[in-house]
Amino acid sequence: KLQARQTDLIVLNKWEEAGEQREDEVRDQLGAMDVDTPYVRSDHGWVRKELLFGIDTKLARDWIANGEIHHHNHSSEMECLSVTLAASHRIQGVDLRKLEAFLQKAPKDEIYRIKAVMYTSSTPNNSDGSKAKVSNQSGQQLTKYILNWAFGRWTWTQDSSAKPDDPTLRMFVVTAAYESAKWKKRLEEGEYVCLEDERLGVEITVRKMK
């Protein structure tokens, strides 16, 4: 129980060989421990690397450049959402209050990973309350950041590779199986993702990735 509380994720391996009854017994035992640690089944020992390690900075930048991340689908325990916030003019960044509410409220048993590249005029807070480190950018209204969220903890890193045609936000959300539809709707409605000034024209695109 102590070990389950201290870890971010429990992986059920070799469940294919155990049989349905034994798997149900193990799931009941996990439930009886009364811990909120999420658990997933591996696929013959495979678990997506994005779930375990997140998405590194280079991959995030490639994703921005190409508009796509390609996966090796080793596990049906996960679903993925791609979120793009495109403003008509680069004069407003992302509303950090709404986005940070999403980061704080996202349930660990429904959402496993969040990765985002975004622009904002405010300095974001890491999950421990510290401010993201920002280099001197005199004369620039908006700053570009990379967000890495995993199981309730997150950090922000400044990104100096700003480009005029970048979207205001591009975000990648890894959810548990069958949970993406609910979060897709909430994100599309702008509950957690919008501009600092909501009156400005903006287009939110949320799609489930294969």
Side-chain angles (χ1 to χ4, degrees), residues 38 40-41 43 46-90 92-120 124 142 144-152 154 156 159 161-196 198 200-210:
V40 298
R41 294 186 301 182
D43 185 357
W46 288 93
V47 178
R48 288 187 187 179
K49 65 180 183 300
E50 293 89 353
L51 176 60
L52 297 180
F53 303 110
I55 307 170
D56 63 28
T57 300
K58 180 181 183 301
L59 182 56
R61 288 174 178 160
D62 290 344
W63 174 39
I64 291 298
N66 302 322
E68 189 67 74
I69 291 182
H70 299 284
H71 299 280
H72 299 289
N73 188 11
H74 293 305
S75 174
S76 60
E77 296 288 312
M78 296 164 49
E79 297 176 344
C80 307
L81 295 175
S82 171
V83 184
T84 304
L85 182 69
S88 55
H89 301 285
R90 178 65 61 72
Q92 288 282 333
V94 173
D95 186 332
L96 278 180
R97 292 173 301 173
K98 283 196 170 184
L99 182 59
E100 288 181 348
F102 176 44
L103 304 182
Q104 293 168 357
K105 295 178 181 178
K108 292 188 291 183
D109 59 342
E110 295 183 13
I111 297 180
Y112 298 150
R113 291 278 184 176
I114 303 171
K115 192 78 176 187
V117 181
M118 49 161 277
Y119 290 85
T120 182
L142 299 177
K144 186 178 181 182
Y145 294 95
I146 294 176
L147 164 70
N148 189 11
W149 184 102
F151 307 108
W154 67 91
W156 296 90
D159 186 357
S161 64
K163 298 178 182 179
D165 57 347
D166 282 345
T168 304
L169 173 141
R170 192 183 292 275
M171 184 163 62
F172 176 74
V173 181
V174 178
T175 74
Y178 313 113
E179 296 291 347
S180 64
K182 173 178 66 179
W183 290 99
K184 181 176 184 292
K185 180 179 180 181
R186 298 178 73 172
L187 290 165
E188 285 175 333
E189 292 174 348
E191 183 175 351
Y192 296 119
V193 176
C194 69
L195 293 180
E196 293 166 321
E198 296 186 59
L200 297 177
V202 65
E203 179 182 351
I204 300 177
T205 304
V206 185
R207 62 188 180 87
K208 183 177 178 180
M209 300 174 66
K210 297 181 179 179

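In this text the structure is predicted, and so the values were computed from the model without any measurement.
K144 places a side-chain N or O within 3.5 Å of a backbone atom of S161 that can act as its donor or acceptor partner. The closest donor-acceptor contact from the side chain of E196 to the backbone of G93 lies under 3.5 Å.
Considering only residues two or more places apart in sequence or on other chains, A176 meets the side chain to side chain contact (heavy atoms under 4.5 Å, CB included) condition with Y112, E179. Every residue two or more places apart in sequence or in another chain was checked for a side-chain hydrogen bond (donor to acceptor under 3.5 Å, both in side chains) with T205, and none qualifies. With sequence neighbours excluded, the residues that form a salt bridge (Lys or Arg N to Asp or Glu O under 4.0 Å) with E188 are K184. Scored by the side-chain hydrogen bond (donor to acceptor under 3.5 Å, both in side chains) test, W183 finds E110 as partners (sequence neighbours excluded).
Taken from OH in Y145 to CG in L96, the straight-line distance is 8.0 Å, to the nearest 0.5 Å. In this structure, CG in D95 is found 4.5 Å from SG in C194, a value given to the nearest 0.5 Å. If you take CG on D166 and CG on D159, they are separated by 8.5 Å, rounding to the nearest 0.5 Å. Atom-to-atom distance recorded for K115:NZ and W149:CH2 is 13.5 Å, nearest 0.5 angstrom. Interatomic distance, CH2 of W154 versus CG of L99, reported as 9.5 Å (0.5 Å rounding). The line from CG of L195 to OG1 of T120 is 10.0 Å long, rounded to the nearest 0.5 Å.
When each of I204, V206, L187 is paired with L85, the side-chain contact (heavy atoms from CB on, under 4.5 Å) condition holds for I204 and for no other.
In plain terms, the two heavy atoms of G190 and K98 that are nearest each other are O-NZ, 3.4 Å. Considering every non-hydrogen atom in both P167 and T84, the closest pair reads CB-CG2, 3.9 Å.
Each side-chain hydrogen bond (donor to acceptor under 3.5 Å, both in side chains) pair with one or both residues in residues 99-108, not counting sequence neighbours, would appear here, but there are none.
You'll find the side chain of M171 reaches within 4.5 Å of the side chain of F102, heavy atoms only.
Annotation: R97, atom CZ; neighbour count of heavy atoms from other residues, nucleotides and ligands within 6.0 Å does not exceed 12. Under a cut-off of 6.0 angstrom, the local environment of NZ in K185 is sparse, with at most 12 non-hydrogen atoms contributed by other residues, nucleotides or ligands.
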